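To start, the structure itself, in structure tokens.
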Amino acid sequence: MDTPAPDSPIFTIKGQYIKDLSFENPHAPHSLTVVPQKPSISVNVELRGEKLQENTYEMTIHLSARATVENGTLFLVELAYAGIFELVNIPEDRLEILLWVDCPFVLFPFARRVIADITRDGGFPPLMLEPVDFHALYMHNKSKIMQPNA
């Protein structure tokens, strides 16, 4: 097996974990026995990144989902799911996209499973979040930063 060149790019996941998790079922047990209509579910996704050390970064996906019916909230789930990434010998022009697109892309399936499990454990059908286009989210956030204040 060949040893990689000393200046080869390295992308390593050092760990991943739940930073914060909250599930609210404000009207239980009533909300579990009488659901007159299909709930409306709103989902919000935010990313936060932080440089921890030279070549080491933490990326956190903040997910929130609220299920509502006409007479109130069925459930609210909020999750901060993070990963520690080691990025070595990454060209400067590639580093930002790797952090804000590729790192959350790696974390998302695990965060999605946590959301599905917690909603199921809360007495509801598992909430299976749709995949997130992190590249589109990155481009949207970048364009907001680039726009002058009106």
Side-chain angles (χ1 to χ4, degrees), residues 9-88 90 92-150:
I10 298 171
F11 177 92
T12 307
I13 303 166
K14 294 297 198 179
Q16 56 190 59
Y17 48 94
I18 295 171
K19 285 183 83 163
D20 190 24
L21 176 62
S22 171
F23 182 81
E24 297 175 29
N25 191 349
H27 302 292
H30 182 70
S31 61
L32 301 174
T33 59
V34 179
V35 180
Q37 67 202 50
K38 185 175 179 179
S40 171
I41 299 177
S42 61
V43 176
N44 186 46
V45 179
E46 293 181 26
L47 301 176
R48 294 193 188 121
E50 179 182 352
K51 185 172 185 172
L52 301 176
Q53 300 173 344
E54 185 69 26
N55 300 322
T56 305
Y57 300 84
E58 178 188 57
M59 175 54 64
T60 306
I61 301 175
H62 293 264
L63 295 167
S64 64
R66 179 184 301 266
T68 57
V69 291
E70 65 184 31
N71 52 338
T73 298
L74 289 177
F75 68 79
L76 171 63
V77 61
E78 296 174 318
L79 171 66
Y81 193 85
I84 306 285
F85 296 88
E86 182 180 43
L87 308 174
V88 180
I90 306 297
E92 194 64 35
D93 64 335
R94 178 75 178 114
L95 185 62
E96 186 174 287
I97 215 130
L98 192 64
L99 282 170
W100 296 97
V101 177
D102 297 330
C103 291
F105 179 79
V106 168
L107 295 174
F108 182 76
F110 300 96
R112 181 179 191 244
R113 182 198 48 81
V114 171
I115 296 284
D117 287 350
I118 199 71
T119 53
R120 184 202 62 227
D121 292 348
F124 299 95
L127 176 58
M128 301 303 292
L129 296 175
E130 293 294 323
V132 174
D133 183 344
F134 289 106
H135 188 266
L137 182 62
Y138 168 76
M139 296 306 288
H140 173 75
N141 289 339
K142 193 166 178 91
S143 71
K144 280 187 357 187
I145 292 170
M146 303 293 270
Q147 291 177 357
N149 293 335

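What you see is a predicted model; the values in this text were computed from it and never measured. Side-chain atoms are counted along with the backbone in the values below, which use heavy atoms only and exclude waters and symmetry mates.
In this structure, CE in M128 is found 11.0 Å from CD1 in I115, a value given to the nearest 0.5 Å. In this structure, the separation between NZ on K51 and CG on L87 is 10.0 Å, given to the nearest 0.5 Å. Here the CG atom belonging to N141 is positioned 7.5 Å from the CG atom belonging to L47, to the nearest 0.5 angstrom. In this structure, M139 CE and L137 CG are separated by 11.5 Å, a value rounded to the nearest 0.5 Å. Put simply, NE2 on H135 and NE2 on H140 are 14.0 Å apart, with the number rounded to the nearest 0.5 Å.
Within the structure, ring pair (Phe, Tyr, Trp, His ring centres under 6.0 Å) pairs that include any residue of residues 64-83 comprise F23-F75, F75-F124 (at least two apart or interchain).
Residues that satisfy the side chain to side chain donor-acceptor pair (under 3.5 Å) test with N44, not counting sequence neighbours, are E46. Judged as a side chain to side chain donor-acceptor pair (under 3.5 Å), and not counting sequence neighbours, the contacts of K19 are E58. Looking at residues two or more places apart in sequence or on another chain, you find a side chain to side chain donor-acceptor pair (under 3.5 Å) between T73 and R66. Under the rule for a side-chain contact (heavy atoms from CB on, under 4.5 Å), the partners of D20 that lie at least two apart in sequence or sit in another chain are A80. When the salt bridge (Lys or Arg N to Asp or Glu O under 4.0 Å) test is applied to E50, no partner is found at least two apart in sequence or on another chain. Under the side-chain contact (heavy atoms from CB on, under 4.5 Å) criterion, I10 pairs with T12, V88, sequence neighbours left out. E24 is linked by a side chain to side chain donor-acceptor pair (under 3.5 Å) to nothing, counting only residues two or more places apart in sequence or in another chain. Take F11 and apply the ring-ring contact (aromatic ring centres under 6.0 Å, His included) test, not counting sequence neighbours, and it matches F85.
At most 12 non-hydrogen atoms from other residues, nucleotides or ligands lie less than 6.0 angstrom from NZ of K14.
Between P26 and L74, the shortest heavy-atom contact is CD-O, 3.6 Å. Nearest heavy-atom pair, T60 versus H62, reported as atom, atom and distance to 0.1 Å: CG2-NE2, 3.4 Å. Taking both residues in full, the closest heavy atoms of M59 and G49 are given as CE-CA, 4.0 Å, listed atom of the first, atom of the second, then distance. Contact between P125 and T119 at its shortest, heavy atoms only, is O-OG1, 3.7 Å.
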Would you be so kind as to tabulate the donor-acceptor pairs closer than 3.5 Å made by side chains of residues 96-113, with sequence neighbours excluded?
residue: E96; atom: OE2; partner: Y138; partner atom: OH; Å: 2.4
residue: E96; atom: OE2; partner: K142; partner atom: NZ; Å: 2.8
residue: D102; atom: OD2; partner: R94; partner atom: NH2; Å: 2.8
residue: R112; atom: NE; partner: L129; partner atom: O; Å: 2.5
residue: R112; atom: NH2; partner: L129; partner atom: O; Å: 3.2
residue: R113; atom: NH1; partner: D117; partner atom: OD2; Å: 3.0

